[in-house]
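Read through the structure below, which is laid out as C-alpha cells, and then see the notes.
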Amino acid sequence: MTELPLSVVTVVTVEQAVAAPFATRQLADLGARVIKVERPAGGDFARRYDTKVHGQSSYFVWLNRSKESLTLDLKSPSGREILEELLAEADVFVQNLAPGAAARLGLDADSLSERFPSMIPCTITGYGSSGPWAGRKAYDLLVQCQTGLVSLTGTPEEAARAGISVADIAAGMYAYSGVLTALYTRATTGVARAVEVSLFEALAEWMSQPAYYTLYGGTQPPRVGTQHATIAPYGAYTAADGKQVLFSIQNEREWAALCERFLELPELVDDPRFATGSDRVAHREELNAIVAERFRRSTGGEVTELLDEAGIANADVNDVHAFLGHPVLAERGRWRGVSVPGGEMEALRPPADLAGVEARMDPVPAAGEHTERILTALGRDGDEIERLKAAGVV
C-alpha cells in the first residue's frame, strides 16, 4: 500500500471539544502522528458529552481515532518540560484553549515561533486572538447565533439551530486546510507560517451568500423550513402515502420539464407568474399549492420515478436511520471498523479519496493510553514515570 502522505509529520495538540480535534483527526487520517495532550483528571471533556458508543461519547469517537493520548498537567513545571520536549520534535502544534490560556502557558503563536522557528503553530479561537471579542468564550451554538445563521434556519414561526456543530466543523476544516497549506509553504520556501482560525470567521465565510443578499437586497432571506429561501420550487412536499420528497429546479430547462412531464401543465411554462426564478419566488405560495396538489395524486415512489424520468433532481427526506442504511454508503464501501475503548464501531471513511491511498483508521485512544510509551521515548525511566503519576503530572 502507498505510504500515507503525512507519515513524516508529527502533530502535538492541546485540544478539546470539536474544532481542533476535527482538524487534527484529518491530519491523522493522512498518516500524521498526532499526540493529543489531555488533562490527567478525565482528559478531553468531549469524552463525556454522551455515552452512546460502547460507553464512549459519539463526539469523541468521531474526532479522535488514530491519535496517541498523553495525559499531562501543563500547569506543573514537569508537565511543561515534557511538552517542550515534544514541541522540539513537532512539525505542527494545534490548540483551542480558552481565551488567554495559551498566552499564560507560553503557547501562543508568537512565543512558539520564537522558540521553535521551524514549527507551524495553529490557533483556533472563538472570535480571533485580537479584536474586541478576543477574550470572549465561544461555543458552536453561540456562534450560530452571533453570525445570524439561526435567524435563517427553521420555520417562519420559529428559528432553529443547525442540527450539527457547523461552526466547529467549519473552523476545523479551515484549520486543517491552513495547516496543509503551511506545511506546503514550509516545504517549498523553508518558512514556517502560523495559522489562525476563529469559529466566528469560519462560519462568517459560510454566511456570505445570505450576507450579500441582505447587504445589497435590503432584506434577509426568509425562514422557509425545508423550502429554499431564494429558489422556487425547491423544497419538500408530501406524497399521497405520507412520504416526503424534496426536489429542486435550478434553471428554465428544468422548469419546463417539470411543467410538461410531472405537473402535466405545459401552459405554466410561459405563465408570467412563473416565467423567471425571481417570479417563481415572488409567487411561491401559488406555485407550492400547484405542486402540492400534484404530489397528492401519487405515492412517494411514483413521485420519485416521475421526477427521475423528467431529469429533475430529487431526494427522499430521510431520518438518520435511513441515512445509515443508504445504498451509496453501503455499495461504495464507506464504512470501516474502528476499535474504541470498550468495543468495536463502524465509522465512516474520510470523504476525500486519494488514488492508491487508504486513509488510516486506527483505534480511538483511552485517556492517557500512550503516556508511558511517549515518556519512555523521551528518556524517562519507570521510576520517574511512577513519580510523575504520583504527583498528578501525568
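- The neighbour count for R332 CZ, taken as heavy atoms of other residues, nucleotides or ligands under 6.0 Å away, does not exceed 12.
- For the 3.5 Å distance criterion, the side chains of S129 and E196 qualify, holding a donor opposite an acceptor.
- The pair R380-E81 counts as a salt bridge, with a side-chain nitrogen and a carboxylate oxygen less than 4.0 angstrom apart.
- Side-chain contact of D110 with S113: a donor-acceptor pair under 3.5 Å is absent, judged by distance alone.
- One finds a salt bridge joining R297 and E264 here, because a Lys/Arg side-chain nitrogen approaches an Asp/Glu carboxylate oxygen to under 4.0 Å.
- Taking 4.5 Å as the limit, some side-chain heavy atom of E358 sits within range of a side-chain heavy atom of R336.
- One finds no salt bridge joining D29 and R349 here, because no Lys/Arg side-chain nitrogen approaches an Asp/Glu carboxylate oxygen to under 4.0 Å.
- In this pair, F295 and F262 present their aromatic rings perpendicular. The plane angle is above 60°, beyond the 30 to 60° band.
- Under 4.0 Å is where a charged nitrogen must lie from a carboxylate oxygen, and between R223 and E157 no such pair does.
- Classification of R296 and E293 as a salt-bridged pair fails, no side-chain N sitting under 4.0 Å from a carboxylate O.
- In this model, no donor atom of one side chain and acceptor atom of the other lie less than 3.5 Å apart for R193 and T189.
- Nearest heavy-atom pair, V281 versus A232, reported as atom, atom and distance to 0.1 Å: CG2-N, 3.8 Å.
- Comment: E68 does not engage K36 in a salt bridge, judged by the lack of any side-chain N to carboxylate O separation of less than 4.0 angstrom.
- Between V303 and A239, the shortest heavy-atom contact is CG2-CB, 4.3 Å.
- A salt bridge does not link R39 with D73: none of the charged nitrogens is closer than 4.0 Å to a carboxylate oxygen.
- In this structure, the side chains of D91 and I120 stay at 4.5 Å or more apart for every pair of heavy atoms.
- Between K243 and D316 there is a salt bridge, since a side-chain N of the basic residue sits under 4.0 Å from a carboxylate O of the acidic one.
- The side-chain heavy atoms of V14 and V94, taken from C-beta on, include no pair separated by under 4.5 Å.
- A heavy-atom distance below 4.5 Å is not found between the side chains of T51 and S57.
- Side-chain contact of E369 with S69: a donor-acceptor pair under 3.5 Å is absent, judged by distance alone.
- Contact annotation: the side chain of L378 approaches that of L86 to within less than 4.5 Å [non-hydrogen atoms, C-beta and beyond].
- Ion pair K389/E384 not flagged as a salt bridge, since none of the NZ, NE, NH1 or NH2 atoms sits closer than 4.0 Å to an Asp/Glu carboxylate oxygen.
- Salt bridge status for E254 with R261: absent, with no side-chain N to carboxylate O gap under 4.0 Å.
- With salt bridges taken as basic N to acidic carboxylate O contacts below 4.0 Å, none links D279 and R284.
- In this structure the side chain of R25 reaches within 4.5 angstrom of the side chain of W62, judged on heavy atoms.
- R65 is not listed as a side-chain neighbour of P363, based on a closest heavy-atom distance of 4.5 Å or more.
- Within the 6.0 Å centre-distance limit, the rings of Y237 and F247 are counted as a close aromatic pair.
- For F22 and Y174, the ring centers are positioned 6.0 Å apart or more.
- Counting heavy atoms from C-beta outward, T371 and L388 have side chains that stay 4.5 Å or more apart.
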